[in-house]
Amino acid sequence: MRVAKHIVEARHRKLAELLQRHRYLGIADLCKEFGISEATVRRDLVFLEKSHLITRTYGGALADFNLRFPSFRSRRSTGTQGKQAIVQQAFGLLRPEAVVYLDAGTTVFMLAELIRATPVRPLTCVTSNLPAADLLAEVDGVSVHLLGGQVLRRQSVLLGDEACRSAGYWNFDLALLGAEGMTREGVWNSSAAVVALQKAVMAKSKTTAVLLDRTKLGRTAPTFLGGWDTLNALLTDTPADALKQEGVPGYMTELSHIMSYMDSLSLRKVVEVKPEKVGQKEKNDDFSLPTELL
């Protein structure tokens, strides 16, 4: 039976509003919410995407996050001085032979620039950050791995269920994450899809640090990443008294606990990397998976 046009249009409006509010919803969630079939939901999503109201993903939709969230290029020029201070803190946590997850965002990209200028060798970097991966790919002694997932061009990032599954194959020594806000309750980010990937990474990481400049203090965002008890450290340029006034735990910026762990990585047997041999392919060099994936 053909559904009246005004009913379909009303459903489209409600669907767009729902995605605007929740940022990400899966197909099954939408079927349940509207009492319609999967095929109907997919047709509705195609219509909304053509109307430039959402960005579809594998298994759901990302609202207009990819369209309205500031592009990677536009965000690179903001808060540079504060981000540089944070990048120096993050760089100090890196140790030879560590397996590090580099999150999306411009602060992490600046860290990649520093790693390229002053490499920590050997280092394994896993990321969903396309510009960072491209930047580090040519650095001798740094092994770069991209997660799977859907490419969001404006954000230069990989997201979605496939990215979350890819993260599950790794065991990270350190995860360096970005976010959009920090309050007394914890850390907030721009969309459920971003947070889903970050939580998948955190579940596989021994140590997690969040990189947030002072402009993020007191701000919330559409999706809650987690309380301060779910993180190990806060790397920030925010003054201590401002953090205290907001109610952010002071111990989050005291890095003794995370540094003691990162220092323990130095006890690993480090393979010497000789500059003259870096990048030279050994004869009969068979392809093998990184041990972190085995």
Side-chain angles (χ1 to χ4, degrees), residues 1-75 103-105 126-131 133-134 146-169 177-181 187-204 220-226:
M1 183 177 70
R2 188 175 181 85
V3 180
K5 183 180 178 180
H6 72 278
I7 295 178
V8 174
E9 291 175 345
R11 187 175 70 239
H12 286 167
R13 287 194 298 271
K14 186 176 179 182
L15 177 57
E17 292 170 0
L18 195 65
L19 288 168
Q20 189 75 271
R21 187 164 64 251
H22 291 280
R23 297 288 174 172
Y24 176 87
L25 286 171
I27 295 293
D29 298 321
L30 297 173
C31 290
K32 183 178 179 180
E33 175 69 24
F34 292 95
I36 55 180
S37 69
E38 182 175 319
T40 300
V41 168
R42 292 188 184 279
R43 285 196 297 271
D44 286 352
L45 293 178
V46 168
F47 175 84
L48 292 174
E49 184 173 43
K50 288 181 178 179
S51 301
H52 303 294
L53 295 174
I54 68 168
T55 298
R56 295 177 69 203
T57 71
Y58 180 80
L62 273 172
D64 59 351
F65 166 69
N66 188 43
L67 299 173
R68 296 192 181 184
F69 192 76
S71 69
F72 179 87
R73 179 176 295 181
S74 67
R75 286 181 286 131
D103 202 12
V126 184
T127 187
S128 61
N129 189 324
L130 296 175
D134 184 61
L146 272 171
L147 298 181
Q150 179 178 359
V151 176
L152 297 188
R153 181 178 57 82
R154 278 175 54 81
Q155 314 318 321
S156 298
V157 67
L158 294 161
L159 288 177
D161 293 341
E162 188 178 353
C164 294
R165 286 195 298 271
S166 297
Y169 294 127
L177 306 181
E180 289 300 307
V187 178
W188 306 74
N189 218 336
S190 49
S191 81
V194 173
V195 167
L197 177 55
Q198 290 181 320
K199 287 185 175 180
V201 168
M202 292 166 66
K204 299 293 291 184
T220 61
T223 309
F224 186 61
L225 173 60

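One is the number of the first residue; the rest follow in order along the sequence.
- Proximity of Glu180 to Thr220: side-chain heavy atoms (C-beta onward) are nowhere separated by under 4.5 Å.
- Of the possible polar contacts, one joining the Gln198 side chain to the Gly178 backbone as a donor-acceptor pair under 3.5 Å is found.
- In this structure, the side chains of Leu30 and Leu45 come closer than 4.5 Å at one or more pairs of heavy atoms.
- At distances below 3.5 Å, at least one donor-acceptor pair connects side-chain atoms of Thr223 with backbone N or O atoms of Ala192.
- Here the closest heavy-atom approach between residue Ala167 and residue Leu147 is recorded as N-CD2, 3.8 Å.
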* Thr127 vs Asp103, side-chain contact (heavy atoms from CB on, under 4.5 Å): CA-CA, chis, key distance, verdict -> CA-CA 6 Å; Thr127 187; Asp103 202 12; over 6 Å; no
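- For Phe224, the ring-ring contact (aromatic ring centres under 6.0 Å, His included) partners at least two apart in sequence or on another chain are Trp188.
- The side chain to side chain contact (heavy atoms under 4.5 Å, CB included) check on Thr40 picks up Arg11, Ile36, Ser37, Arg43, Asp44, with sequence neighbours excluded.
- Between Glu33 and Leu15, every side-chain heavy-atom pair lies at or beyond the 4.5 Å cut-off.
- Looking at heavy atoms from C-beta onward, Ser128 lies out of side-chain contact with Leu159 at the 4.5 angstrom threshold.
- When atom types are taken as modelled, the side chain of Asn129 and the backbone of Gly105 share a donor-acceptor pair closer than 3.5 angstrom.
- With rounding to the nearest 0.5 Å, the separation of CZ in Arg165 from CG in Leu197 is 12.0 Å.
- Under the side-chain hydrogen bond (donor to acceptor under 3.5 Å, both in side chains) criterion, Glu38 pairs with Arg42, sequence neighbours left out.
- Contact annotation: the side chain of Leu130 approaches that of Leu158 to within less than 4.5 Å [non-hydrogen atoms, C-beta and beyond].
- Lys14 is listed as a side-chain neighbour of Phe34, based on a closest heavy-atom distance under 4.5 Å.
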